[in-house]
There are 2 protein chains.
Amino acid sequence: MAGASNVRRPATLASLAAELGVSRTTVSNAYNRPDQLSAPLRARVLEAARRLGYPGPDPVARSLRTRKAGAVGLMLTEALSYAFRDPAATGFLEGLALACEQAGQGLLLVPVSPEQVDVTAVHRASVDGFVVYSVREDDPHFLAVLERPVPTVVCDQPMGVEGVDRVGVDDRAGMLALARHLTTLGHRRVGVLCMRLAAGRNDGPASAERQAGATYPVQRDRLAGIRDGLAEVGVDWSDVPVHERFEHSVTAGQEGAAELLAAHPDLTAVLCTSDILALGVLRHAADRDLAVPEQLTITGFDGVPEAERAGLTTVRQPVLEKGRVAGELLLERGDRNRPRRVTLPTELVVGSTSGKPRVDQRFFSGW
Amino acid sequence: MAGASNVRRPATLASLAAELGVSRTTVSNAYNRPDQLSAPLRARVLEAARRLGYPGPDPVARSLRTRKAGAVGLMLTEALSYAFRDPAATGFLEGLALACEQAGQGLLLVPVSPEQVDVTAVHRASVDGFVVYSVREDDPHFLAVLERPVPTVVCDQPMGVEGVDRVGVDDRAGMLALARHLTTLGHRRVGVLCMRLAAGRNDGPASAERQAGATYPVQRDRLAGIRDGLAEVGVDWSDVPVHERFEHSVTAGQEGAAELLAAHPDLTAVLCTSDILALGVLRHAADRDLAVPEQLTITGFDGVPEAERAGLTTVRQPVLEKGRVAGELLLERGDRNRPRRVTLPTELVVGSTSGKPRVDQRFFSGW
DNA sequence: TCGCTGAACCGTAACGGTTCAGACACCCAG
DNA sequence: CTGGGTGTCTGAACCGTTACGGTTCAGCGA
């Protein structure tokens, strides 16, 4: 096949050196240390390179020799493409990319197939370090990352892993502030719609056991924040319905809302552990012509741009900043004596979706 | 400093082999070709690896030998972080990530500093190929990519580069359909707000020379589509005001709209070459209490989710699909006889922001 | 002329693997 | 007993580069 001639190997540093009658070191220096050889010789080397089609030192060989890959790996459990769907993840990525860019490092998106045990992608990633974004602590990919002899920074989850830095926010405190906002308004009968709590699909009520066994500490903490806030006004947590969704999407929020409100029509507020879910609840309310917040208060968590535009009451967390800090933590030279933990502040954003609870018991008299 | 002992080199394949008294080949086979050695020996190797903390074959060394980096590089001219801001770019990334994921390839975001001549990042990228997303044809980073002896796929721009595959849409035809929609409604006095046409900042009217010298063919084609459509009803292109914005953001669209409408208060429609800009024009209209489409018709291009929610009349292009095709083009094995060109279809989306032109000459009688 | 210096260049040894052509035993059919 | 597989394991070459510790040599002051 004629194509064979197309894959002719490009010239190497060695062949170029031979052609010129100089040592390989000299050619290498022509690229990496111009001050180590005379200008005329350097010009000759570069000219010969152009003539022979030598594309410059091979990046992989260079990486092997210098022991630097020049890139950081990003690992998330969800399908790689999911990262571009979730606005919170996108914000994080933007911040991380910013930090990498500034340090001249590449950002390698590691292709992990969700719910798959194949961790070879983690083994094959040529990186100087990993950033792990919000995964379960028993995730096999994460365990594979830990085995790699490179520094690792975790964002959000898992928490408290030995030897790795972590950046996150105080989810519990953030949710506590939000819960207090609602109890101050007078809400007592509230429901919760949360994201995936642990491995295994569970779309529906999250039992006390399910909550206790949560392997996603972020979700656990957010629930705990709500619990704390309600406890302050004497509402018992066991009376609070918590529904869980496996998928994280507006549609999932919509369905969750329908389910939650059908089972508990007396609720005056639905608290979501993410804005995306809350947007779904908003949509459900719109579908049913429920006035927000007059008939139902709806809140989220994250503070994504879309939620802001919708006027959602939520807890804003600095997602971009989280990404940047994660990158800096990883790339920053410094004595890595002990693992560092960075907790960024959250901010309660009171929008137009929270108000006083309605006085009538149910949405429709017919119920 | 005590830290020095922390950076102890991890065990290598060779050291593991020596420890076990077997050849390096055998250790290598234990990882890569389990069928090449007996099960007991393989178990011994793996056990010793765990005991000695051997993390498995080094990815970089492996890449050097196998001549496969296991990743594709993505190059965009804008700051890396910009890619996560622009919804069209995000959609493209999602599709590309999807394709990579499926092929088990990593996706390396190459850190190019915008408007900077330093192309070392391109030289240092350990990748098996490049995807170039919508850059100027004279972009130094792009030229550096071309010098690398790896396959390259271009999305959108530049067009017609020898030896590289390309995926894009028929921007001109898409815009033509949109222009016809407007002329059919009766519009004759239209203005255009477009994105960056060439290197060098130009915020304001784009002269005929500026348009002719555009180094962003996509923008050029979209303008040409509008011109074609207007020509069909006898509107001379030289009478059509075209304003350009360097930044691509809602704010830029807002400012551009203010400028354009101040200079040409008789316009009945503003066509934007992107949804983001159009959203800015919409915002401007809202700020001035202009009724859309009663007083002003506004259109975009791209078909991003946010535009859809806003009911924007626009031309939808399959951004996710574009990303996926780009990835497939690059990763697909096959005889690369001649460069391939894929053109994806566009679709006119008539929303609620386009209507018949108003009858009164100007927005306010006072003008 | 000698000793010394600094600039310019070079040879060798890694870097950490993969691969391929054997070597060696062992077993089974003929 | 022999010839030919088959299953295991090994030796050595190779991937393309950079780090390290030289060597060479022109120039210069005494």
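As the structure is a prediction and not an experimental result, all values here were calculated from the model.
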Under the 3.5 Å rule, do the base of [N] and the side chain of [X] count as making a donor-acceptor pair?
X	N	result
B:S63	C:dG17	no
B:T66	C:dG17	no
A:R65	D:dT17	no

When we call it a touch if two heavy atoms are under 4.0 Å apart, what does [X] touch: a base, just sugar-phosphate, or nothing?
X	value
B:T12	sugar-phosphate
B:T26	base
A:N29	nothing
A:Y31	nothing
A:L37	sugar-phosphate
A:V22	sugar-phosphate
B:R33	sugar-phosphate

To the nearest Å, give me how far apart [atom1] ([X]) and [atom2] ([N]) are.
X	N	atom1	atom2	value
B:L64	C:dA14	CG	P	17 Å
A:L13	C:dG11	CG	C1'	14 Å
B:L41	D:dC9	CG	C1'	8 Å
A:K68	D:dA19	NZ	P	9 Å
A:H123	C:dG17	NE2	C1'	16 Å
B:N32	C:dG17	CG	C1'	9 Å

ask   = Using 4.0 Å as the upper bound for N to carboxylate O, is an ion pair formed by A:R50 and A:E47?
value =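 No, no charged N to carboxylate O under 4.0 Å.
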
inquiry  = Counting neighbours of CD on B:E321 that are heavy atoms of other residues, nucleotides or ligands and sit closer than 6.0 Å, is the number greater than 12?
reply    =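 Count over threshold, so yes.
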
query = How far apart are the closest heavy atoms of A:A30 and A:L46, and which atoms are they?
reply =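 For A:A30 versus A:L46, the nearest heavy atoms are CB-CD1, 4.3 Å.
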
inquiry  = Show the nearest heavy-atom pair for residues B:M75 and B:V112, with the distance to one decimal.
reply    =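 Closest heavy-atom pair between B:M75 and B:V112: CG-CG1, 4.1 Å.
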
Among B:L96, B:V132, B:D165, side chain to side chain contact (heavy atoms under 4.5 Å, CB included) partner for B:V153 =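 Checked B:L96, B:V132, B:D165 against B:V153; only one passes side chain to side chain contact (heavy atoms under 4.5 Å, CB included): B:D165.
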
DNA chain D: 5'-proximal contact among A:A61 and B:S38 (nearest heavy atom) =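 Nearest-nucleotide comparison on DNA chain D picks B:S38.
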
query = If only side-chain N and O atoms of B:S28 are considered, is one of them under 4.0 Å from the OP1 or OP2 phosphate oxygen of C:dG17?
reply =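 No, because none of the side-chain N or O atoms of B:S28 sits under 4.0 Å from OP1 or OP2 of C:dG17.
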
inquiry  = Please compare A:R24 and A:Q36 by the position of their nearest nucleotide in DNA chain C and report the one closer to 5'.
reply    =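 Comparing both residues, the 5'-ward one is A:Q36.
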
